[in-house]
Amino acid sequence: MSDTALFPLTDEHKMIRDAARDFATNEIAPIAAEFDESGEFPLKTIKKMGEMGFMGIEVPEAYGGAGMDTLAYVLALEEICKVDASHGVIMSVNNSLYCHGIMNFGTEPQKQKFLTPVASGKAIGAYSLTEPMSGSDAGTMRTRAVRDGEEYVLNGRKSWVTSGPVAEYIVAFFMTDPEKKHKGITAFLVEADRPGFVRGKKEPKLGIRASATSELVFEDCRVPLENRLGEEGDGFKIAMTVLDAGRIGIASQALGIAEASYEASLAYAREREAFGQKIGEFQGISFKLADMKTRIEASRLLIYNAAMAKQQSKGTAKRYTLQSSTAKLFASETAMFCAHAAVQIHGGIGYSKEVPVERYFRDAKITEIYEGTSEIQRLVISRSELGLR
Ligand SMILES: Cc1cc2nc3c(=O)[nH]c(=O)nc-3n(C[C@H](O)[C@H](O)[C@H](O)COP(=O)(O)OP(=O)(O)OC[C@H]3O[C@@H](n4cnc5c(N)ncnc54)[C@H](O)[C@@H]3O)c2cc1C
């Protein structure tokens, strides 16, 4: 059982958490292993999640969303990720990396056109910052956007785009002034049916295999001025502000994986016997369970704290970078710790595709990498504490 009893969850929070739990148990659990194996994108279940309001939880109803708060979002996401981290990352990117940026920086016409279809789950959104030669260091990006009258011409190759093979709309970042490095980045909203937009190589992945990840190629792709998100040069600020929100989502994904690993381990430790006793009676196993449980509950506190900081920041320019980075760092390392322990507790069967802990182990790793690696989180946290830029 998770220890949420002390949190002031409203009836609405409990309702969305329970709805997500039921949906994950009834609709995702039966297909998770199969889609992990094939790497097929789970379009049908993602569409159903859209109908249930899970793809735009914090977006106001006027723009197609569910109009709920950040705590509702993390509660729902945790339940989905506890069953399948692939569905979870598609949901997280749609909510946090796509919708959140447009809600915060979009004009009214941009919200009508680009937010409503994605928040309602009718279309899928993606966020494209990373490039083959530029990941943690976004200021070195090589893609270019050049203004030509009332249009911009986009050129270059983006990489590692979650939902890249299926997204109808993309928030993408291009360099407009290379001399200014990160201050020369500009954000654009791109429709996938624009001439000059090509979906590139699909990535074969270790984990979250049912989430589709690909390159995106821009070859003289023209977008009108009204597709620019924010002002020229605002792109880095937009990208980082959006990542503050995104990291809370990835932390929730990590928490879901950690909990699934823990619950499977607890059940196995209660039933498996060795040397005439349940393996849970060996201190070597029971202490692992104690460490898993403690880290899970600490992660939960950090995530709820970050969710509340985000909620309180709404309508202000206040950032919650520190809360979001600490939650992401700790929860992702907890997911890896718990998934690693879960395979160990299961012994040989833990290494088999016949039990899901093998999938949790592969899925956990990505939470330490995307939306800022653990090294980058440590950089963000320590700079904030030291008062450095
Ligand atoms: C499955 C998957 C999905 C993804 N989805 C998206 C997406 O939807 N959109 C998107 O834009 N990107 C996405 N990414 C990209 C992801 O965010 C980057 O891979 C990540 O930020 C790291 O960048 P990199 O791979 O270029 O590694 P690099 O930046 O090259 O880092 C390599 C290593 O060096 C370390 N390092 C770098 N700089 C420092 C430093 N200053 N101090 C200490 N160590 C450092 C890193 O921590 C890492 O260990 C995805 C990646 C994957 C694998």
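One-based numbering, in listed order, for ligands and for the atoms of each. Counting begins at 1 with the first residue of the sequence. Computed over heavy atoms, backbone and side chain alike; hydrogens, waters and symmetry mates excluded.
If you chain together ILVMFWY residues whose side-chain heavy atoms come under 4.5 Å of each other, V161 ends up grouped with Y152, L154, I170, F174, F188, V190, F197, L216, F218, V223, L225.
If you check each of T162, L379, L216 against atom 5 (N) of ligand 1, the one with the closest non-hydrogen atom is T162. When the heavy-atom distances from atom 38 (N) of ligand 1 to I376, L97, I366, D137 are ranked, the shortest goes to I376. The option with the heavy atom closest to atom 6 (C) of ligand 1, from among F173, Y98, W160, Y127, is W160. When the heavy atoms of A212, G135, G207 are ranked by distance to atom 23 (O) of ligand 1, first place goes to G135. Among M133, K205, Q377, E203, the residue whose heavy atom lies nearest to atom 1 (C) of ligand 1 is K205.
At a distance under 4.0 Å, no protein heavy atom can be found next to atom 34 (O) of ligand 1. Protein heavy atoms are absent from the space less than 4.0 angstrom from atom 25 (O) of ligand 1. Protein heavy atoms are found inside the 4.0 Å sphere centred on atom 53 (C) of ligand 1. Distance remark: protein heavy atom not present below 4.0 angstrom from atom 30 (O) of ligand 1.
Salt-bridge formation is not detected for the pair K48/E51: no Lys NZ or Arg NE/NH1/NH2 atom is positioned less than 4.0 Å from an Asp or Glu carboxylate oxygen. Salt bridge status for E151 with R222: present, with a side-chain N to carboxylate O gap under 4.0 Å.
At the top of the distance list for atom 20 (C) of ligand 1, counting protein heavy atoms only, stands I369 O, 3.7 Å. Nearest protein heavy-atom contact of atom 12 (N) of ligand 1 is T130 OG1, 2.7 Å. Among protein heavy atoms, the minimum distance from atom 36 (N) of ligand 1 is reached at S136 OG, 4.5 Å. The shortest contact between atom 44 (N) of ligand 1 and any protein heavy atom is with E375 CB, 3.5 Å.
The contact set between ligand 1 and T373, taken as ligand atoms under 4.0 Å from a residue heavy atom, comprises 22 (C), 46 (C), 47 (O). Heavy-atom contacts of E371 reach the following atoms of ligand 1: 17 (O) (cutoff under 4.0 Å). Here is the list of ligand 1 atoms found below 4.0 Å of a heavy atom in L129: 10 (C), 11 (O).
In this model, no donor atom of one side chain and acceptor atom of the other lie less than 3.5 Å apart for K113 and Q110.
Ligand 1 has no nitrogen or oxygen under 3.5 angstrom from a nitrogen or oxygen of S128. An N or O contact shorter than 3.5 Å is missing between S134 and ligand 1 by distance.
Taking a 4.0 Å cut-off on heavy atoms, V93 fails to register as neighbouring ligand 1.
Aromatic ring centres of Y127 and Y98 lie farther apart than the 6.0 Å criterion allows.
The distance from atom OG of S252 to atom NZ of K82, rounded to the nearest 0.5 Å, is 13.5 Å.
Of all heavy-atom pairs spanning I57 and A76, the tightest one is CD1-CB, 3.8 Å.
The closest side-chain heavy-atom distance from I102 to Y63 is not below 4.5 Å. Residues H100 and D244 have side chains not in contact (no heavy-atom distance under 4.5 Å, counting atoms from C-beta outward). Side-chain atoms of S324 and K310, non-hydrogen and from C-beta on, never get closer than 4.5 Å to each other.
By the side-chain contact (heavy atoms from CB on, under 4.5 Å) test, C81 is found to be paired with L77, Q253, residues two or more places apart in sequence or in another chain being considered.
Residue E179 qualifies as open at atom CD: its count of foreign heavy atoms under 6.0 Å is 12 or below.
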